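Read through the structure below, which is laid out as structure tokens, and then see the notes.
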Amino acid sequence: MNYTIGELSKIMNVSIHTLRYYDNEGLLPFVQRKPNGQRIFTHRDLIFLNIIECLKSTGMPLKEIKQYIEWCIEGMPTVPQRYELFLERKAIVEEQIAQMQKILATINYKCDFYKKAIETGKVDICESERQLLAQKILDGTL
């Protein structure tokens, strides 16, 4: 199936400007064009765009993403580099998830704290609770 730039933009929630930029920068190397110059996107382009957005969301710079795309074009000889790249990205995402879990734990704690404050009409914490909270922070459990 083929997609117009507008259709792909909506499907992938990426601006038309961004799609044009990616194409001009060589990040979507297989985009075809109609005789009038209009871009025609295929499933292959959609898959590449998904990978680009995935890698970008891990904090990878576009320059490195472009290197990945070039490796894909080169084929089988670059599979080991691509595998290593995704192992690195996996480690980064796992660390991001761990950090977000800590953030969520703190938010959950504060939600419980303020819910209790609403129920009791008091916003205070005793010293033993404060010490327990501090220890959880030090232990990495909050």
Side-chain angles (χ1 to χ4, degrees), residues 1-126 129-142:
M1 178 170 186
N2 292 334
Y3 308 94
T4 65
I5 197 166
E7 291 169 336
L8 190 61
S9 170
K10 287 179 185 171
I11 291 167
M12 296 299 294
N13 196 29
V14 175
S15 74
I16 290 172
H17 172 76
T18 298
L19 290 174
R20 287 185 181 125
Y21 178 77
Y22 288 171
D23 183 28
N24 292 336
E25 291 297 311
L27 295 169
L28 296 169
F30 303 107
V31 173
Q32 300 170 3
R33 292 183 184 260
K34 291 182 178 180
N36 67 0
Q38 183 182 17
R39 291 170 177 88
I40 304 167
F41 296 91
T42 65
H43 286 118
R44 187 178 201 178
D45 301 312
L46 182 138
I47 292 166
F48 266 100
L49 180 58
N50 182 65
I51 295 295
I52 291 165
E53 291 299 301
C54 171
L55 293 173
K56 217 173 88 177
S57 69
T58 70
M60 180 181 268
L62 287 180
K63 182 179 178 182
E64 291 178 31
I65 295 172
K66 186 172 183 177
Q67 176 63 66
Y68 166 76
I69 301 293
E70 289 169 2
W71 285 340
C72 290
I73 293 167
E74 290 176 33
M76 191 63 197
T78 63
V79 167
Q81 291 97 317
R82 289 183 267 164
Y83 176 64
E84 285 300 318
L85 179 141
F86 277 94
L87 286 177
E88 290 170 8
R89 292 290 113 188
K90 181 178 182 255
I92 289 168
V93 170
E94 288 171 345
E95 178 58 32
Q96 290 171 337
I97 289 169
Q99 290 173 358
M100 293 304 288
Q101 290 289 358
K102 288 180 180 180
I103 292 167
L104 182 58
T106 298
I107 290 170
N108 284 335
Y109 171 82
K110 293 307 273 187
C111 285
D112 292 344
F113 177 83
Y114 288 119
K115 181 180 179 186
K116 184 178 173 184
I118 291 168
E119 292 169 353
T120 64
K122 296 179 183 179
V123 184
D124 54 337
I125 182 170
C126 68
E129 288 179 79
R130 192 172 279 119
Q131 288 175 4
L132 181 61
L133 179 58
Q135 190 58 50
K136 285 183 177 184
I137 292 168
L138 293 171
D139 294 344
T141 59
L142 183 66

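Everything quoted here is computed from the prediction, not taken from an experiment.
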Go through it in stages, so that I can follow the logic: the residues are Val79 and Arg82, the test is side-chain contact (heavy atoms from CB on, under 4.5 Å), and I'd like the CA-CA distance, side-chain angles, deciding distance and then a yes or no.
CA-CA 5 Å; Val79 167; Arg82 289 183 267 164; 3.3 Å; yes
With the threshold set at 4.0 Å, does a side-chain nitrogen-carboxylate oxygen contact exist between Lys56 and Glu53?
yes
At what distance, to the nearest 0.5 angstrom, does CG of Leu19 lie from CD1 of Ile52?
9.0 Å
Find the distance between NZ (Lys116) and SG (Cys111) and round it off to the nearest 0.5 Å.
15.0 Å
Please find the pair of heavy atoms, one from Arg33 and one from Ile40, that lie closest to each other, and give the distance.
C-CD1, 4.0 Å
Atom CG of residue position Asn13 - does it have more than 12 heavy atoms of other residues, nucleotides or ligands inside 6.0 Å?
no
With the side chain counted from C-beta on, respond yes when Leu49 and Phe41 share a heavy-atom pair under 4.5 Å apart, and no when they do not.
no
Trace of the side-chain contact (heavy atoms from CB on, under 4.5 Å) decision for Val31 with Thr42
CA-CA 8 Å; Val31 173; Thr42 65; over 6 Å; no
In the structure I gave you, are the side-chain heavy atoms of Leu138 and Gln135 within less than 4.5 Å of one another anywhere?
yes
Which atom names give the shortest non-hydrogen contact between Ile16 and Gly6, and what distance separates them?
CD1-CA, 4.1 Å
Steps toward side-chain hydrogen bond (donor to acceptor under 3.5 Å, both in side chains) verdict (Gln99, Glu95):
CA-CA 6 Å; Gln99 290 173 358; Glu95 178 58 32; 3.2 Å; yes
Between Leu104 and Met100, is a side-chain contact (heavy atoms from CB on, under 4.5 Å) present by the stated rule, with each step listed?
CA-CA 6 Å; Leu104 182 58; Met100 293 304 288; over 6 Å; no
Sorted by chain and number, sequence neighbours left out, side-chain hydrogen bond (donor to acceptor under 3.5 Å, both in side chains) with Glu84 holds for none
pair Glu70-Leu27: side-chain heavy atoms closer than 4.5 Å
no
dist Ile47:CD1 -> Leu28:CG (nearest 0.5 Å) comes out at 12.0 Å
Measuring only between side-chain heavy atoms, which start at C-beta, is Ile137 closer than 4.5 Å to Thr106?
no
Please tell me if the side chains of Pro29 and Ile73 come closer than 4.5 Å, counting only heavy atoms from C-beta onward.
yes
For the NZ atom on Lys34, are there more than 12 heavy atoms of other groups (residues, nucleotides or ligands in this structure) within a distance under 6.0 Å?
no
For Ser15 and Thr18, work out which heavy atoms get closest and say how close.
OG-OG1, 2.8 Å
Taking all non-hydrogen atoms of both residues into account, name the closest pair between Arg89 and Glu64 and its distance.
NH2-OE1, 4.5 Å
Nearest 0.5 Å, what's the CG-CD1 distance between Leu46 and Ile51?
10.5 Å
How long is the span from the OG1 atom in Thr4 to the CD1 atom in Ile11, to the nearest 0.5 Å?
8.0 Å
What closest approach, in Å, do Leu62 and Tyr21 show between heavy atoms, and which atom pair accounts for it?
CD1-CE2, 3.7 Å
ring-ring contact (aromatic ring centres under 6.0 Å, His included) partner of His43, chosen from Tyr3, Phe30, Phe48:
Tyr3
Rounded to the nearest 0.5 Å, what's the gap from CD1 on Ile5 to CG on Asp45? Could you check?
10.5 Å
Considering only heavy atoms from C-beta outward, does the side chain of Ile107 approach that of Lys110 to under 4.5 Å?
no
Any ring-ring contact (aromatic ring centres under 6.0 Å, His included) pairs touching residues 80-122, not counting sequence neighbours?
Tyr68-Phe86
Going through the checks in order, is the side-chain contact (heavy atoms from CB on, under 4.5 Å) test met by Gln96 and Val93?
CA-CA 5 Å; Gln96 290 171 337; Val93 170; 3.9 Å; yes
